[in-house]
Amino acid sequence: QTCALPIFVLSDYTITDQITLFHRAKIIVGAHGSGLNNLLFCTPNTTIIEIFQGRSDCCFYYLSQLVKAKYFPIQTVDFTTIDGREKTTTPLFLIEQFIQQHKDIFL
């Protein structure tokens, strides 16, 4: 059984629409970035799954705690420099492992 979650590109939405999306969401899966500042508008018990960079930055964990959301990180691998830019990835097996360990979130 699979779970099809809608995908939203936040830059396509006004700030008012972003607030509404996060306020109504039951589950939010997102990469670490400024769009997750909208976590401030979540309701208690919203499930937050952050693709978390390999560096220490807990800001979205703290925002999740502030609104009493359920926070789960999936950490990326260490950064590498490619073409002068730092990049990081999350191996698919880590995401699959997370889903297997937390099936109840997606049911």
Side-chain angles (χ1 to χ4, degrees):
Q1 180 178 356
T2 61
C3 177
L5 299 173
I7 297 172
F8 297 95
V9 178
L10 294 179
S11 60
D12 292 342
Y13 293 86
T14 66
I15 187 64
T16 304
D17 290 338
Q18 291 178 39
I19 290 169
T20 301
L21 282 171
F22 276 71
H23 185 73
R24 291 182 178 169
K26 300 293 181 210
I27 299 174
I28 296 170
V29 179
H32 181 91
S34 61
L36 290 181
N37 283 317
N38 290 308
L39 294 178
L40 284 171
F41 307 108
C42 290
T43 58
N45 295 316
T46 302
T47 297
I48 311 299
I49 302 168
E50 178 187 10
I51 308 298
F52 185 85
Q53 296 173 339
R55 296 188 173 156
S56 296
D57 182 350
C58 313
C59 61
F60 299 120
Y61 166 77
Y62 292 125
L63 286 179
S64 297
Q65 298 307 299
L66 184 67
V67 298
K68 298 179 178 15
K70 300 176 207 163
Y71 175 86
F72 299 91
I74 300 176
Q75 190 165 350
T76 63
V77 297
D78 288 336
F79 282 78
T80 57
T81 302
I82 301 171
D83 299 328
R85 298 175 67 196
E86 287 190 317
K87 298 187 182 210
T88 185
T89 60
T90 302
L92 184 57
F93 82 88
L94 288 177
I95 295 171
E96 291 170 338
Q97 182 180 29
F98 177 87
I99 291 169
Q100 287 298 319
Q101 292 173 346
H102 299 91
K103 288 180 184 178
D104 57 310
I105 292 173
F106 301 100
L107 299 177

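Note that these values count all heavy atoms, side chains included, but never hydrogens, waters or copies made by symmetry.
- Side-chain polar atoms of Q65 and K68 form no donor-acceptor pair below 3.5 angstrom.
- Environment of CZ in F72: crowded, with over 12 heavy atoms of neighbouring residues, nucleotides or ligands closer than 6.0 Å.
- The two residues Y71 and S64 have their closest heavy-atom pair at CD1-OG, 3.4 Å.
- Pairing each heavy atom of I28 with each of C42, the nearest pair is CD1-SG, 3.5 Å.
- Taking all atoms of both residues into account, the shortest heavy-atom contact from I48 to A69 is CG1-CB, 3.8 Å.
- Between atom CZ of residue F60 and atom CG of residue L66 there is a gap of 13.0 Å, rounded to the nearest 0.5 Å.
- One hydrophobic cluster holds both I105 and I51 under the rule that ILVMFWY side chains link at heavy-atom gaps under 4.5 Å.
- Residue pairs satisfying the side-chain hydrogen bond (donor to acceptor under 3.5 Å, both in side chains) criterion with at least one member in residues 20-32, sequence neighbours excluded, are listed as follows: H32-E50, H32-D57.
- Linking ILVMFWY side-chain heavy atoms closer than 4.5 Å, directly or via other members, places V67 and V29 in two distinct hydrophobic clusters.
- By the 4.5 Å heavy-atom criterion applied to side chains, N38 and I15 are counted as neighbours.
- Checked against side-chain hydrogen bond (donor to acceptor under 3.5 Å, both in side chains), N37 has no partners two or more places apart in sequence or in another chain.
- Under the rule for a side-chain contact (heavy atoms from CB on, under 4.5 Å), the partners of L92 that lie at least two apart in sequence or sit in another chain are E96.
- Considering all non-hydrogen atoms of both residues, F52 and P73 come closest at CB-CB, 4.2 Å.
- Atom-to-atom distance recorded for I49:CD1 and I74:CD1 is 6.0 Å, nearest 0.5 angstrom.
- If you chain together hydrophobic residues whose side chains sit under 4.5 Å apart, Y62 and F22 fall into the same group.
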